[in-house]
Amino acid sequence: MEVPSHNLALDLVRVTEAAALAAARWLGRGDKNGGDQAAVDAMRLSFNSIDFEGEIVIGEGEKDEAPMLYNGEKVGTGNGPKMDVAVDPVEGTNLLAYGRPNAIAVIGVAPAGSMLDPGPSFYMRKLVVPAQAKTVVDIDAPVADNLRKVAKALNKDVDDLVVFVLDKPRHRELIAEIRKAGARIQLHTDGDVNGSLMAVDPTSEVDMMMGTGGTPEAVLSACAIRIMGGEFFAKFDPQLDNEKKALAEAGQDLSRIYTAADLVRSDDVFFAATGLSGGTFMPAVRFSGRGATTHSLVMRGKTGTVRRIIAEHSWDHLMQFSAVKYD
């Protein structure tokens, strides 16, 4: 038996809440950079209050391409455990800019050295399924076969299934195959971290996620899936010749199948996400004259605890000391 230890996820949710409160002011204003910068600024300030020695391994890019939260940046007070940090201040910047659902602020944290370094990879082909189906699918199998096996595992018919797919030109053939098999589709312009979460959440209407999305988002999703259950399968899927060449030069095997445990090699993982623009999965930040309400998902791998937190933020109190002017 152990005495309950510190749950870092409950610190991280303050960071995602701060990012969401700052970025949500940019909802629908058509400026994705403005919303992203607001989230980055708030998130970076909030990180400085957490007692850990964090290093961004999945961030906003290399130092010369992003002013803050870049790959390799140190976050936290420097006191406490050494941790890898995967972060997306606004996952779905276009969603936020154009007022579309499913933009979130999200963080995953795991012990130092446990997160996959994506190197020159920008894209991975992904298959995400709930716990009941994780042993029956194969990312290299025909689409119809996987749909049939997932339906059987969930005790459904194929035409009962809902598949999350990004609405991109590269998915024309995938979408046609899903439709031919008889399953239903939710098409989203962006936000495949949200899609991965929905695929493994038993309260969601989404049954699985398929298609190619960002490699950084794969690592972030794996943090949550290690805790929530289900499984994440992925393969490097370069979309341009220079990415394919870079992966070959780095010695990466394009045939290798990665699971959530390969992307994040530890059970001692923490995850937090706060809704920005709303949707069926995670409600939006809701402002009032005197404050705001946020909805967050907070998880800890060691205990398997998943919390859904509704927070009421009061400007009268918060603005007395906050360095971020949310109102």
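The model shown is predicted, which means the values in this text are computed figures rather than measured ones.
In terms of the side chain to side chain donor-acceptor pair (under 3.5 Å) criterion, R100 has no residue partners (sequence neighbours excluded). Every residue was checked against the side chain to side chain donor-acceptor pair (under 3.5 Å) condition with D167, not counting sequence neighbours, and none meets it. For E312, the side chain to side chain donor-acceptor pair (under 3.5 Å) partners two or more places apart in sequence, or in a different chain, are T293. Residues forming a side chain to side chain donor-acceptor pair (under 3.5 Å) with K235 (at least two apart in sequence, or on another chain): D140.
Using a 4.5 Å cut-off on side-chain heavy atoms (C-beta onward), V200 and V128 make contact. You'll find the side chain of K82 stays beyond 4.5 Å of the side chain of F52, heavy atoms only.
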Throw together a table of side-chain donor-acceptor distances under 3.5 angstrom for residues 150-160, partners on residues two or more places apart or in other chains.
from, atom 1, to, atom 2, distance (Å)
K156, NZ, D207, OD1, 2.7
D160, OD2, D157, N, 2.9

Donor-acceptor pairs are to be reported for all side-chain atoms of residues 220-234 against protein atoms at under 3.5 Å, with residues two or more places apart or in another chain.
from, atom 1, to, atom 2, distance (Å)
S221, OG, S196, OG, 3.3
S221, OG, E217, O, 2.8
R226, NH1, V264, O, 2.5
R226, NH1, S266, O, 3.4
R226, NH2, D267, OD1, 2.4
E231, OE1, A260, N, 3.2

Under 3.5 Å, sequence neighbours excluded: what are the donor-acceptor pairs made by side chains of residues 112-124?
from, atom 1, to, atom 2, distance (Å)
S114, OG, P111, O, 2.5
D117, OD1, G119, N, 2.9
S121, OG, Y123, O, 3.4
S121, OG, T215, OG1, 2.7

Do any side-chain atoms of residues 27-34 form donor-acceptor pairs under 3.5 angstrom with protein atoms, and if so which ones, sequence neighbours left out?
from, atom 1, to, atom 2, distance (Å)
R29, NH1, R25, O, 3.1
D31, OD1, N33, N, 3.3
D31, OD1, G34, N, 2.9

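Taking Ile, Leu, Val, Met, Phe, Trp and Tyr as hydrophobic and joining them when side-chain heavy atoms fall under 4.5 Å apart, one finds Y98 isolated, its cluster having no other members.
Residue pairs meeting the side chain to side chain donor-acceptor pair (under 3.5 Å) criterion with at least one member in residues 273-289, sequence neighbours excluded: T16-T274, E205-T280, T274-S296. Residues in residues 187-200 take part in these salt bridge (charged side-chain N to carboxylate O under 4.0 Å, His left out) pairs, two or more places apart or across chains: K126-D192, K168-D190. Residue pairs meeting the ring pair (Phe, Tyr, Trp, His ring centres under 6.0 Å) criterion with at least one member in residues 177-197, sequence neighbours excluded: F164-H188.
The distance from the CZ atom of R290 to the NE2 atom of H313 is 16.0 Å, given to the nearest 0.5 Å.
For the pairing with D11, the side-chain contact (heavy atoms from CB on, under 4.5 Å) check across I50, I107, V298, D51 returns one residue only, I50.
Heavy atoms of other residues, nucleotides or ligands lying less than 6.0 angstrom from CG of N242 number more than 12.
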